[in-house]
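All ligand and atom numbering here is 1-based and tracks the order in the structure.
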Amino acid sequence: MYDSVIIGSGAAGSTVARKLAESGKNVLVLEKRPHIGGNCYDRPDAYGIVIHEYGPHIFHTNEEEVFRFLSEFTEWRLFGHEVVANVHGTPLPVPFNLNTLHKVYGKEKADRLEALLVDEYGAGSRVPIMELKKNKNPEIEAIADYVYENIFLHYTMKQWGQTPEEIDPEVTGRVPVLLSYDNRYFQDKYQGMPKDGYTAMFEKMLAHQNITVETHTGCKDCMAFLENKVLYKGIEFTGDVVYTGALDELFDCEYGRLPYRSLDFRFEHFAQDSFQGRSVVNYTVSEDFTRITEFKYLTGQTDAHGTTIVKEYPFSYTGAEGEIPYYAILNDENRALYEKYKAKLAPLKNVYLLGRLAEYKYYNIDAIVKEALKLSDTIRR
Ligand code: UDP
């Protein structure tokens, strides 16, 4: 009775579900959590403050197609997202940019260093810290050492349990040294929040006559992935199946668990107007948590009293009940393990893997939506 089964209702699953439904397919969405929206899920807390239950999600994109698609389901609160690092009590703009350079070195020295950096890399360029560190000019080396030590090393040790050298350069490359005076965390054309939140946006996306959503339903409750076929409620299912969960779990982790980093989100509420006066502060040289997010500055909410923050404490995912795998740990060994699991699905031509978990990738929201739009086109053909 269904043409397609989508497993997971986050950005990946919801987008594919919508596109397939619009093309006339009858779509079933299975969601093991009690709610839709995946890790973008937001809701009011006990004090009426809208929080992101699974950590701060700031939407940003240069992709017109993605922005247009999502805008069918939401209006936006667009703003330039800014972050500071707390470095021994001093707030420094992150990514490290020319404003940061001037704050750290003072005008005279910073002017000279700026000229040096711009001469070397070009005005406006984005230089990954691990690239900057390779520079042999002693003055540039000194800047690189400062940025490495004060912005990257301790934060990365907390987040990954490894040094910046030990992790995939793509990860630290997400926050390059910026040779401009742009204090925004992202340089994308569109950035901000869905006006009424992510949950409302995904609810609207899934509200289609051809979509049925079953929450509280793990895919194993009604599906089985056999060697050469997929079963739905015990009967062979030949329609499209899009799986957005962790791939190892589909096979009971028979080759061992795919490694992930997880986060413990600790929320605190204060009966005061403001806690830190801004949305995100990264703790790059101190504390056990990586960052503090104060939600009202992300969402723009003004109709509630007090303020709610969240601190993020990273740890190694073990698969224990209640833990959530947030970040794939990208390295050759883990990718090889991922490929081993993926190979098991090769005979199942109607099963597609999509998203952060199923593809074992570090995706931003817009990149997931883009891939989901692409996959929907492939499936419809
Ligand atoms: N990073 C860092 N210091 C910062 C910000 C980022 O060391 O102040 C490094 C860290 O390794 C982090 C990575 O850059 O995991 C990517 O940061 P991003 O803010 O993109 O992480 P996300 O928001 O996806 O957790």
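Taking atom 15 (O) of ligand 1 as the reference point, the nearest protein heavy-atom neighbour is Trp160 NE1, 2.8 Å. Protein heavy atom nearest atom 1 (N) of ligand 1, with residue, atom name and distance: Tyr155 CD2, 3.6 Å. Considering only non-hydrogen protein atoms, atom 25 (O) of ligand 1 sits nearest to Tyr327 OH, 2.4 Å. Protein heavy atom closest to atom 3 (N) of ligand 1, with residue, atom name and distance, is Ile151 O, 2.8 Å. Protein heavy atom closest to atom 8 (O) of ligand 1, with residue, atom name and distance, is Asn282 ND2, 2.9 Å. Looking from atom 20 (O) of ligand 1 to the surrounding protein, the closest heavy atom is Arg174 NE, 2.7 Å.
When each atom of ligand 1 is checked for a heavy atom of Val171 under 4.0 Å away, the hits are 13 (C), 14 (O), 15 (O), 16 (C). The distance from ligand 1 to the heavy atoms of Gln159 drops below 4.0 Å at these ligand atoms: 15 (O).
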When you look at Thr307 and Glu294, which way does the side-chain hydrogen bond (donor to acceptor under 3.5 Å, both in side chains) test go after all the steps? CA-CA 7 Å; Thr307 193; Glu294 186 169 3; 2.6 Å; yes

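His102 and Tyr181 share a donor-acceptor pair across their side chains, judged by distance under 3.5 Å alone. A donor-acceptor pair shorter than 3.5 Å can be found between the side chains of Ser274 and Tyr297. Between the side chains of Thr308 and His269, at least one donor-acceptor pair of N or O atoms lies under 3.5 Å. Side chain to side chain, Thr217 and Glu31 fail the donor-acceptor criterion of an N or O pair below 3.5 Å.
Screening Tyr360, Tyr54, Tyr362 for a ring pair (Phe, Tyr, Trp, His ring centres under 6.0 Å) with Tyr327, the sole residue that qualifies is Tyr362.
Residue contacts with ligand 1, taken as heavy atom pairs separated by less than 4.0 Å, involve Thr284 solely via side-chain atoms from C-beta onward.
Ligand 1 is approached by Arg291 to a heavy-atom distance shorter than 4.0 Å.
Evaluation of the side-chain hydrogen bond (donor to acceptor under 3.5 Å, both in side chains) test over residues 245-266, restricted to residues two or more places apart or in two chains, returns Lys220-Asp252, Glu249-Tyr317, Glu254-Lys344, Arg261-Ser316, Asp264-Arg266.
Considering only non-hydrogen atoms, atom 17 (O) of ligand 1 lies nearest to Val175 out of Ile167, Thr156, Asn150, Val175. The heavy atom nearest to atom 19 (O) of ligand 1, considering only Phe152, Tyr185, Tyr362, Phe96, is found in Tyr185.
The structure places CZ of Arg68 at 8.5 Å from OH of Tyr190, a figure rounded to the nearest 0.5 Å.
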